[in-house]
Amino acid sequence: MAKRPNTRKTREHIHHENEGENNVRSLFGWSPLGNDEEERRDQRFLRHVKPRSDGQENLMKAIDNSPLIVAIGPAGTGKTYLAVSKAVEALESGQVSRIILSRPAVEAGESLGYLPGHVEDKLGPYLRPLLDALSDRLSPKRLKMLMSEGIIEIAPVGFMRGRTLNNAFVVIDEAQNCTYGQLKMLLTRLGWNSTMVVTGDPHQTDLLPEMSGLAQIANQLEKVEDIAVVRLEAKDIVRHPLVASMLKVL
């Protein structure tokens, strides 16, 4: 005679399993249970950025109201971060269809020699600051997807000649390391329904002082209507307080 299954134990086992699932709580917004929680874990990190100084507020307003902005200021004033944040917001809201980030591949006073790998590998050390800013605004998975699809493009200045950048948010970073001719070439890439933000600090150029064209370009563009030139100061620095103190004496 076959034994009857122990249904009582089976029911108790299922009850304890369900009770255990009910007792599981998500940790930092993630839970090991269910696909819904997993999808929530992959959501973008988009947050609304708020200005932390009057200069930053002026820069953010200028980006909202002008198609071409030149942001000049010392290190730590948030020029690149605010520009990239605004670019991500414009992309997510559908105002533009792509983001293009560019900076000159100029070494900071020392030669790294020949770097191995493909073009992307060689340019990686120079473009890393832009990737860091993007990583703070987007989840790693979404950032990788957007870059693989060409929606977010990071390119050196040398690759920008001959292009027309329509329906794009363009950020030219470290522009103090561009010559007058390079900046003129970059500025004339601006296309329809596009915004371009040029950031840099003329006092921290890695070129010979007479070669950097950022200060001259900014002075000339201040006379042009619909172009905003925002000059940030030491009081707008949002890094460690010592940065502002050091820049006053260095």
Side-chain angles (χ1 to χ4, degrees), residues 43-96 98-103 127-139 142-143 146 152 154 168-178 183 186-187 190 193-205 214-215 217-219 221-248 250:
Q43 290 178 347
R44 60 184 182 274
F45 295 161
L46 189 63
R47 301 183 299 271
H48 291 293
V49 176
K50 295 182 180 180
R52 298 178 60 183
S53 70
D54 293 338
Q56 288 192 348
E57 184 177 3
N58 293 335
L59 175 56
M60 295 180 71
K61 289 180 178 178
I63 294 175
D64 290 334
N65 299 321
S66 301
L68 178 57
I69 304 94
V70 180
I72 294 178
T77 51
K79 304 181 298 295
T80 301
Y81 187 83
L82 290 178
V84 171
S85 298
K86 281 292 187 178
V88 172
E89 289 182 12
L91 179 67
E92 295 290 355
S93 63
Q95 299 176 31
V96 297
R98 55 182 175 155
I99 296 174
I100 299 175
L101 309 176
S102 181
R103 75 195 309 253
L127 305 179
R128 187 70 224 180
L130 296 175
L131 288 173
D132 290 341
L134 282 172
S135 299
D136 197 53
R137 310 305 302 149
L138 296 164
S139 68
R142 179 160 174 76
L143 175 57
L146 292 174
I152 294 180
I154 301 181
F169 198 110
V170 186
V171 178
I172 310 297
D173 190 37
E174 296 291 331
Q176 75 273 6
N177 288 328
C178 292
L183 285 173
L186 290 169
L187 294 172
L190 184 65
N193 192 39
S194 291
T195 298
M196 179 180 290
V197 183
V198 180
T199 69
D201 178 8
H203 299 292
Q204 286 197 350
T205 179
L214 180 59
I217 285 281
N219 292 335
L221 291 182
E222 278 186 311
K223 309 170 187 176
V224 182
E225 190 177 357
D226 294 332
I227 294 180
V229 177
V230 181
R231 299 182 184 273
L232 301 169
E233 302 175 2
K235 62 183 180 181
D236 298 308
I237 293 177
V238 294
R239 286 184 187 162
H240 195 284
L242 283 178
V243 175
S245 300
M246 286 188 291
L247 290 177
K248 292 179 180 179
L250 295 178

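- A donor-acceptor contact closer than 3.5 angstrom links the side chains of Asp236 and Ser53.
- Residues Ala90 and Ser93 come closest through the heavy atom pair O-OG, 3.2 Å.
- Crowding of Asp54 atom CG: a count of heavy atoms from other residues, nucleotides or ligands under 6.0 Å not exceeding 12.
- With Thr77 contributing its side chain and Pro74 its backbone, the two residues share a donor-acceptor pair below 3.5 Å.
- Within the model, atoms CG of Leu221 and CG of Leu183 stand 9.0 Å from one another, a figure rounded to the nearest 0.5 Å.
- For Glu57 (side chain) and Arg52 (main-chain N/O), no donor-acceptor pair under 3.5 Å exists by modelled atom type.
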Practice problem: May I have the step-by-step check of side-chain contact (heavy atoms from CB on, under 4.5 Å) for Ile154 and Leu134, ending in yes or no? | Solution: CA-CA 11 Å; Ile154 301 181; Leu134 282 172; 4.1 Å; yes
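- Leu82 CG to Leu59 CG: the interatomic distance, rounded to the nearest 0.5 Å, is 5.5 Å.
- The heavy-atom pair separating Ala83 from Val197 by the smallest distance is CB-CG1, 3.9 Å.
- Using a 4.0 Å cut-off between a side-chain N of Lys or Arg and a carboxylate O of Asp or Glu, Glu222 and Arg231 qualify as a salt bridge.
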Practice problem: Kindly determine whether Phe169 and Met196 satisfy side-chain contact (heavy atoms from CB on, under 4.5 Å), including the steps that lead there. | Solution: CA-CA 6 Å; Phe169 198 110; Met196 179 180 290; over 6 Å; no
Self-check item: CA sep, side-chain torsions, deciding dist, call: Ile152, Ile100, side-chain contact (heavy atoms from CB on, under 4.5 Å)
Solution: CA-CA 6 Å; Ile152 294 180; Ile100 299 175; over 6 Å; no
Quiz prompt | Residue pair Ile72, Leu232: steps toward the side-chain contact (heavy atoms from CB on, under 4.5 Å) verdict | solution = CA-CA 6 Å; Ile72 294 178; Leu232 301 169; over 6 Å; no
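- Every residue two or more places apart in sequence or in another chain that forms a salt bridge (Lys or Arg N to Asp or Glu O under 4.0 Å) with Asp173 is listed here: Arg103.
- Residues Cys178 and Leu186 have side chains in contact (heavy-atom distance under 4.5 Å, counting atoms from C-beta outward).
- Side-chain atoms of Ser66 never come within 3.5 Å of backbone atoms of Ile69 as a donor-acceptor pair (strictly under, hydrogens ignored).
- Within the 4.5 Å cutoff, the side chain of Tyr81 has heavy atoms near those of the Asp136 side chain.
- For the atom pair CG of Leu91 and CG of Leu146, the computed distance is 6.5 Å after rounding to the nearest 0.5 Å.
- If you run side chain to side chain contact (heavy atoms under 4.5 Å, CB included) between Leu187 and each of Leu68, Ile172, Val170, only Leu68 comes through.
- Residues Leu214 and Val198 have side chains in contact (heavy-atom distance under 4.5 Å, counting atoms from C-beta outward).
- Between the side chain of Glu92 and the backbone N or O of Val88, no donor-acceptor pair lies under 3.5 Å.
- Asp226 and Pro67 get closest at one heavy-atom pair: O-CD, 3.3 Å.
- Using a 4.0 Å cut-off between charged side-chain N and carboxylate O, Lys79 and Glu174 make no salt bridge.
- The distance from the NZ atom of Lys50 to the CE atom of Met60 is 10.5 Å, given to the nearest 0.5 Å.
- Ala218 and Val70 make their closest contact through CB-CG1, 4.2 Å (heavy atoms, listed as atom of the first residue, atom of the second, distance).
- Note that CZ of Arg98 is 7.0 Å distant from OG of Ser194, once rounded to the nearest 0.5 Å.
- The salt bridge (charged side-chain N to carboxylate O under 4.0 Å, His left out) contacts involving residues 65-74 comprise nothing, where partners must be two or more places apart or lie in separate chains.
- Between the CD1 atom of Ile99 and the CG atom of Leu101 there is a distance of 6.5 Å, given to the nearest 0.5 Å.
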